[in-house]
Structures are given as structure tokens and as C-alpha cells.
There are 2 protein chains.
Amino acid sequence: MTLLRTSRPARADRGIPDATVARLPVYLGALAELAADGRSTCSSGELAEAAGVNPAKLRKDLSYLGSYGTRGVGYDVAVLRHHIGRELGQTQTWDVVIVGAGHLGSALSAYHGFDSRGINVAAVLDTDPARIGTDLAGVEVRPFADLEAVVEEFGIAIAVVATPGEAAQGVADALVAAGVTSILNFAPAVLQVPETVTVRKVDLSIELQVLAYHEQRRASGHEAADEEVAG
Amino acid sequence: MTLLRTSRPARADRGIPDATVARLPVYLGALAELAADGRSTCSSGELAEAAGVNPAKLRKDLSYLGSYGTRGVGYDVAVLRHHIGRELGQTQTWDVVIVGAGHLGSALSAYHGFDSRGINVAAVLDTDPARIGTDLAGVEVRPFADLEAVVEEFGIAIAVVATPGEAAQGVADALVAAGVTSILNFAPAVLQVPETVTVRKVDLSIELQVLAYHEQRRASGHEAADEEVAG
DNA sequence: TCTTGTGAACTGGTTCACAGCT
DNA sequence: AGCTGTGAACCAGTTCACAAGA
């Protein structure tokens, strides 16, 4: 036992690198496809191909979860699905609340594929009286003031912010106060939250601007200019 | 001249790191806010705060664009906006086509803040006859078969895929064939495209699964377990 | 013989800390 | 005196290449 005392870096308790965690759901999706095709086993090469990553990276990613492959053979599809799902917390269903019943909020409520991944939209909230009481994919829109009650009722830890940018910080403050500890932010705003709260941000406009940057470079012929310096 | 021949890494022609490019739009947003507040100048510290990054990172990011600050003073808000905007290709308006007029496609068409960032939704396409002809935020939904015509008509280089996962690869193939060179993919599918085409992927379900992972760890008390190994 | 699992090298990105300029 | 711009140290993540094992 004492042998390994200092040999391990700092991943003592299986803290998986962020980059790996973000890819696990992709692997899970690829495995679901393989399973649907009737495959019961697969190699790292096949799975990597289906997930669009390099095989070595895939193997390293999976190695963080444990050794669930068989050398010379590959991975058992069902076994691997089970272990990745467990690691991602899919043994339980996570009830989430969506704040903002505008176009994006509606799109999210209706998004299929949440259910199969352990995510359930438990409630949708809005401040606009015109929206309150309407039905979004089977969930009734409730007043934002119900936030605390909703969080309590469903034991909600994860919230989605789909409001205009101006409203986002106020909503985030209320979410934190209500006890939410993870926020997915679609509003074009930088949220200020305590360190104990995890925030992920998705900005549709930013994604397009990054693409515009690449187009711009392409258009001005920057691609093969690596030798310029030697001239 | 010969002095520098091999001293430079490979950024000869101002190829900005991907991570930096992804942050430039955030800086632009923060600068817009400062400008709206009547500020004409700002320090790296203030801007970094508003953008939610560390000041050294901000300065390094900006240094890739050139030296547009003044030592001892800071940055001129208007000047910096101009240069970041130019680098991101905002001197022109990018017409984009959205494929898929479902909930997400509708949300994207209606998304405000595209216009101010040089993005214009030129067309929305769908295969569903029930959707064709309907109006989405001022844009009429056209049949998917019009793709080539639309790309030609507007000179489109950037497309958004907002279809179900099963349809995504077929759509991507058609986009590439029509001459599109950048794709923003919202469909839960791994797109196979030629190397010359840039793809960015946003998967709503993945983002939530990553949050669920963090919640799961929190719940099982993994945070302060770094000493476990020494015991 | 085939494929996993993983040290080791490498690459890209972040942070530090200070020289250089105003 | 103050703030930018940037080399240098550092850290995370990726890829390589091969030993270990079915």
C-alpha cells in the first residue's frame, strides 16, 4: 500500500479532467448508436471514429473511469454505457428548471434527448404574465416568483437561464439564493456567482462570430503562409 | 531581417490562438457595455473584470491583435472595439442560412444581437411542407431544395444546422456541396466534412450532462479528498 | 496477434512577474 | 507612479509509441 503513496499525481479520488467529462456524453451517444446497430462489442478505433476523436485520446479518457476494456478484444458496449452513464450521474434523473419561456426556453423545453440522458425539465418560469399559464411541451409556465417553491418541490440543483442579457444576473442571484448549484447560461452576459456554484455558458452569437473569423481569414488567403517568415 | 528567421514560433501571419478568438466576442460585448456607460477609456483590469477573465490573459489576448493600448493609461474603448471587430470580420455583414425551422431554428432566427455583430439570417430552410412559407422573425421559410439557390443568391459561407440528429449528416453534405465552408451544428450528431470546412458544435444535452457530473460529485462529497492518498 | 492501458514527449494555453513606455 | 506588453515558468490536454495482457 505504502508503495503507491506518492506515485499518483493528484487524481486520488477520480477527479476526471474537464475536457474528458465534456467528451463522455459524446461517447455515450456513439455507444447508443452502436447498440442500436446490434453491436455488442467494439474497439477503441471504431468508437473513436464514431465519436470523431483520435483513438489514443478515447482510450486515455476511458482509462480515467477504470479498466473496462479487454486487451486484444475491445470494449463491451453495454458495460461501457453503464459505466459512463454512472460516472455522469445518469443513475438518477436530474430535474432542472428553465428560466425564460421565450423562443429559446421553448426550444429547450421541447428538446428531445434530455429524457434519455437523465435530464427532466421539471418547470419553466417567466415574469411575463402573457406567458404564465401557457403550456410548453407538457410543462405549464409558472411565475418566476415561484422559484423557491419549485426548487424545493423538485429538489432542483441545476437551472437553465434563457432570459435576455439584462435580466440574467438578477435571475442568477435568485437561483443561487434558492439553492441552485449549477447554472447553464444562454444569456449574453457574464454571470457573477459564488465559487461554490458551477456555471457553463453557451452564447449562440459568439459561436457564429468565431466562424466569421475563420471565414474572414480564409477570404484573405492566410492559410498557407507559414513560410513567410523564412523568406 | 535574417536575425529573426527562426526565432518566431509559427504565428508569422497573425494566426490568433483559437482560445483567444473565442474570447474576443466577449471582450467586444464588455466594451459595448462600457461605451454605453459613457466610458471612453479603460484599463485591462476593468475590462478583464467585465469579461470575467484574468487581466494578464486579457492583455495577452489583445497583444495578438497588435499594440493598441497606452502604457500607464489603458485602452481607448472605441479604438479597441474597432480593432477587435475588424479582426472578427465585422467590417462586413455575414449572411447565414439556418437549416431546420423547428423550435431551435425559430429561436435562432429570432435571436437578437446577431444584427449588431455582423450576422444576418438571410434564409431559413426546412423540408416540412407545413413549415414552408411560414414567417420566422421576418424571414420566410423556404424549401430545403432551394439551398443551392440561396447560397448563390446571398453568397453564403456560414450555415447553421438545427435539424434532428438523423438528418444532420445529409444536410451537412448538401451544405458542403453547395459551397458552404463554415457550419455551426446544433444537431446531436458528429458531422463528417472535408478538412477545408470548419465545424463548431453546440449540444444542449451535453452541456447539461456536464453539469450533472459536477452535481453528482458534489453530492458524493468528493471535493476535499486530496489527502486520501497520503493516509 | 490484436487491442488495451499508460508513461513520456509534446503542444497549446494560462499565469506570473517585470521590463518598457507614458 | 501606473499600466501595458511579453518572455519565461507553469499547467492541462493531446498524441505517441510501446509494454502488458487476452
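The figures that follow rest on heavy atoms only: side chains count, while hydrogens, waters and symmetry mates do not. Model, not experiment: these values are computed from the prediction.
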Could you state the atom-to-atom distance from CZ of R59(A) to C1' of dT15(D) in whole Å?
-> 11 Å

Would you indicate, yes or no, if dC3(D) has its OP1 or OP2 atom less than 4.0 angstrom from a side-chain nitrogen or oxygen of S44(B)?
-> no

Can you check the Y27(A) OH to dT4(C) P distance for me, whole Å?
-> 13 Å

If you check the A56(A) side chain, which of dA17(D), dT4(D), dT14(D) turns out closest?
-> dA17(D)

DNA chain C: 5'-proximal contact among G72(A) and D61(A) (nearest heavy atom) = G72(A)

dC3(D) phosphate, OP1 or OP2: any side-chain N/O from S43(B) under 4.0 angstrom?
-> no

Report the distance from atom OH of Y64(A) to atom C1' of dT6(C), rounded to the nearest whole Å.
-> 10 Å

dT4(C), dA8(D), dG7(C): which one has an atom nearest the side-chain heavy atoms of Y75(A)?
-> dT4(C)

Picking from dT15(D), dT14(C), dG13(D), the nucleotide nearest the side-chain atoms of K57(A) would be dT15(D)

Which of the following nucleotides, dG5(D), dT3(C), dT15(D), is nearest to the side chain of R71(A)?
-> dT3(C)

Mind listing the closest non-hydrogen atom pair of V180(A) and A157(A) along with its distance?
-> CG1-O, 3.3 Å

In whole angstrom, give the distance that lies between atom CG of L58(B) and atom P of dT14(C).
-> 12 Å

Expressed in angstrom and rounded to an integer, what is the separation of E46(A) atom CD from dT4(C) atom P?
-> 9 Å

For S182(A) and R200(A), test the side chains for any donor-to-acceptor distance below 3.5 angstrom and give the result as yes or no.
-> no

Let me know the distance between OH of Y68(B) and P of dC21(C), rounded to the nearest Å.
-> 18 Å

K201(A)/D203(A) salt bridge by N-O under 4.0 Å criterion = yes

Test log, rule salt bridge (Lys or Arg N to Asp or Glu O under 4.0 Å), inputs E46(B) and R39(B) = CA-CA 11 Å; E46(B) 291 171 292; R39(B) 301 290 308 276; 2.9 Å; yes

Measure the shortest side-chain to side-chain distance between I183(B) and T198(B) over non-hydrogen atoms and say whether it is less than 4.5 angstrom.
-> no

Can you list every ring-ring contact (aromatic ring centres under 6.0 Å, His included) pair that touches residues 69-99 of chain A, not counting sequence neighbours?
-> Y68(A)-H83(A)

Side chain proximity check, Q209(A) to Q90(B), heavy atoms < 4.5 angstrom = yes

How far does the helix from dT1(C)-dA22(D) to dT22(C)-dA1(D) bend, going by the axes of its first and last five pairs, to the nearest 10°?
-> 0°

Starting from the 5' end of DNA chain D, give me the residue, A19(A) or T70(B), whose nearest nucleotide shows up first.
-> T70(B)

Can you tell me how far C1' of dG13(C) sits from CG of D18(B), to the nearest Å?
-> 11 Å

Please test I16(B) against Y213(A) for side chain to side chain contact (heavy atoms under 4.5 Å, CB included), starting from the C-alpha separation and ending with a verdict.
-> CA-CA 10 Å; I16(B) 297 178; Y213(A) 168 80; 3.5 Å; yes

Given dC16(C), dT4(D), dG5(C), the nucleotide with the shortest approach to the side chain of N54(B) = dC16(C)

Rounded to the nearest angstrom, tell me the gap between atom CD1 in I16(A) and atom C1' in dA12(D).
-> 16 Å

Toward the 5' end of DNA chain D, by each residue's nearest nucleotide, V73(B) or S63(B) | V73(B)

